[in-house]
Amino acid sequence: MQKISLNIPQPDITYDIEFLKTFSELEKNLKSQINGRNYIIITDENVFSKTAFFQNIKKSFLEENRILVLKPGEEEKTWSSIDKILEKSFKLELDRSSVFVAIGGGVIGDMTGFAASLFMRGVPVIQVPTTLLSMTDSSVGGKTGIDNKHGKNLVGAFMQPEKVICVQAFLETLPKVEIQNGLGEMIKHGIIASPNHFKHIKNTSKFWNQDEFLQQIFQLVPESVKIKKNIVEQDQKEAGIRGFLNLGHTYGHAIEQLSDFKIPHGRAVAIGCILATQKSISENLCDENLIKTLEEIFTLFEIDTKCEFKMDKILNAMTHDKKKKNGKIRLILPLEIGKVKYFDLQ
Ligand SMILES: NC(=O)c1ccc[n+]([C@@H]2O[C@H](COP(=O)([O-])OP(=O)(O)OC[C@H]3O[C@@H](n4cnc5c(N)ncnc54)[C@H](O)[C@@H]3O)[C@@H](O)[C@H]2O)c1
Ligand SMILES: [Zn+2]
């Protein structure tokens with residue numbers, strides 16, 4: 001079994017991120033990680049009804065009454081869901097020695113982590129990410145939280161998990177657009193820190209739309225996780241380089257908003273990366289060919305990078321983004337594949 005250890009120096013926290021192929025391996029691994037503790041599992045309706053992990057539940061060690069199935073979607077990332085998690089935890093008579101288990105995408109992972117940080121002032125959480133995005137990005141690094149009327153992820157806590165378990169079999173039921181959302185983040189990791197990772201992702205496009213693709217891309221999940229791990233280890237609270245992970249996101253969030261969230265996150269990030277590169281070129285910070293290199297990789301995975309919104313509208317929407325620094329909009333601009341820098345818009 002492949003595994004990566006992540007260490008945060010202050011406070012000293014170390015945990016493993018493990019990579020498994022099958023649900024039977026997950027079952028064994030999860031059982032030994034829970035290790036007799038009282039537990040609650042939080043998932044959503046799609047993961048519960050579509051994945052074989054939950055369909056075979058009667059044969060597993062899991063007790064059905066310990067599973068809380070929430071509605072899927074970003075709209076559910078609210079206080080009311082946190083309340084449901086806490087209520088169910090009290091009903092199950094969980095206490096400080098218990099453990100929370102998130103089995104779902106980034107929405108379930110972020111909410112479960114946040115609820116775990118609140119319950120009895122903090123209980124451990126095991127993250128089992130079930131989307132490509134949550135495996136490569138959201139389950140690692142300890143940012144947890146919910147949305148409110150003022151914006152996304154504005155209320156939350158840093159809550160590092162005690163373990164992250166990524167399982168290839170979860171990818172089998174993921175809709176294509178969710179695979180593309182994950183690819184958006186993986187390509188972003190390549191642009192930020194690794195020409196090799198970028199190249200490896202590009203190579204998997206030979207298998208795009210074939211069954212083989214899931215296995216090929218899952219093999220690259222650890223590479224992507226390592227890039228995020230290296231950044232988080234140096235800067236857990238985003239005082240410095242963790243902000244690089246926002247590449248493509250400042251433009252991207254504005255584009256998602258302008259489209260009334262009809263443009264999927266992966267595509268918005270891809271467009272954001274292209275706009276950041278255009279800006280970088282206009283500031284003489286990178287080679288013009290970088291645009292083509294990026295357009296090519298996104299197109300190979302059928303991610304459309306054409307932007308239908310005018311720049312003044314995008315900039316206006318960006319003014320309301322929380323990633324402003326001292327009132328200025330802070331962008332991440334690529335210099336070449338594997339290198340980025342901060343750039344404050346005047
Ligand atoms: N904490 C962080 O550092 C961080 C980083 C990036 C993103 N995020 C957050 O992550 C969230 C996005 O995560 P996401 O893209 O995983 O979205 P998601 O959790 O909404 O999952 C996407 C969709 O796929 C479904 N699904 C999940 N697993 C499935 C499976 N195995 N088979 C079939 N369907 C499945 C879900 O029900 C949902 O409809 C956002 O809320 C974002 O803010 C957090
Ligand atoms: Zn993202």
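One-based numbering, in listed order, for ligands and for the atoms of each. Numbers here simply count residues along the sequence, with the first being 1.
Less than 4.0 angstrom separates some heavy atom of Lys77 from each of these atoms of ligand 1: 9 (C), 40 (C), 41 (O), 42 (C), 43 (O). The distance from ligand 1 to the heavy atoms of Asn153 drops below 4.0 Å at these ligand atoms: 43 (O). Near Glu74, the atoms of ligand 1 lying under 4.0 angstrom from a non-hydrogen atom of the residue are 40 (C), 41 (O). Set against the non-hydrogen atoms of Thr130, the atoms of ligand 1 under 4.0 Å away are 27 (C), 28 (N), 29 (C), 30 (C), 31 (N). Close approach to Pro72 involves these atoms of ligand 1, each under 4.0 Å from a residue heavy atom: 37 (O).
Residue contacts with ligand 1: Leu133 is placed with no nitrogen or oxygen under 3.5 Å of a nitrogen or oxygen of the ligand (distance criterion only). At under 3.5 Å, not a single nitrogen or oxygen of Thr51, backbone or side chain, sits near a nitrogen or oxygen of ligand 1. The N/O atoms of Thr173, backbone and side chain alike, include one that comes under 3.5 Å of an N/O atom in ligand 1. In terms of polar-atom proximity, Val107 is counted as a contact of ligand 1, with an N or O under 3.5 Å from an N or O of the ligand. The N/O atoms of Asn181, backbone and side chain alike, include none that comes under 3.5 Å of an N/O atom in ligand 1. At under 3.5 Å, a nitrogen or oxygen of Phe170, whether backbone or side chain, sits near a nitrogen or oxygen of ligand 1. Considering backbone and side-chain atoms alike, Asp44 places an N or O below 3.5 Å from some N or O of ligand 1.
Ile85 and Leu62 fall into different hydrophobic clusters, where Ile, Leu, Val, Met, Phe, Trp and Tyr side chains are chained together by heavy-atom contacts under 4.5 Å. No chain of hydrophobic side-chain contacts below 4.5 Å, direct or via other Ile, Leu, Val, Met, Phe, Trp or Tyr residues, connects Phe100 to Leu26. Leu94 and Phe61 fall into different hydrophobic clusters, where Ile, Leu, Val, Met, Phe, Trp and Tyr are joined by side-chain heavy atoms under 4.5 Å apart, directly or via other members.
In the displayed structure, Asp211 atom CG is contacted under 6.0 Å by at most 12 heavy atoms of other residues, nucleotides or ligands.
The nearest protein atom to atom 10 (O) of ligand 1, hydrogens excluded, is given as Gly106 CA, 3.4 Å; this is a heavy-atom distance. With respect to atom 29 (C) of ligand 1, the closest heavy atom belonging to the protein is Leu174 CD2, 3.6 Å. Protein heavy atom at the shortest distance from atom 25 (C) of ligand 1 is Asn46 ND2, 4.0 Å. Protein heavy atom closest to atom 27 (C) of ligand 1, with residue, atom name and distance, is Thr131 CG2, 3.3 Å.
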Side chain to side chain donor-acceptor pair (under 3.5 Å) between Glu27 and Asn56: does it pass, once the steps are laid out? CA-CA 11 Å; Glu27 212 202 298; Asn56 294 332; over 6 Å; no
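The atom name of the N/O/S atom in Glu185 closest to the Zn ion (ligand 2) is OE2.
A salt bridge links Arg37 with Glu162: the closest approach of a Lys/Arg side-chain nitrogen to an acidic carboxylate oxygen falls below 4.0 angstrom.
Taking all heavy atoms of Ser138, Gly105, Ser139, Gly104 into account, the minimum distance to atom 6 (C) of ligand 1 is reached by Ser138.
Glu185 and His265 share a side-chain donor-acceptor pair at under 3.5 Å.
Heavy atoms of Lys228 come nearer than 4.0 angstrom to ligand 1 in at least one pair.
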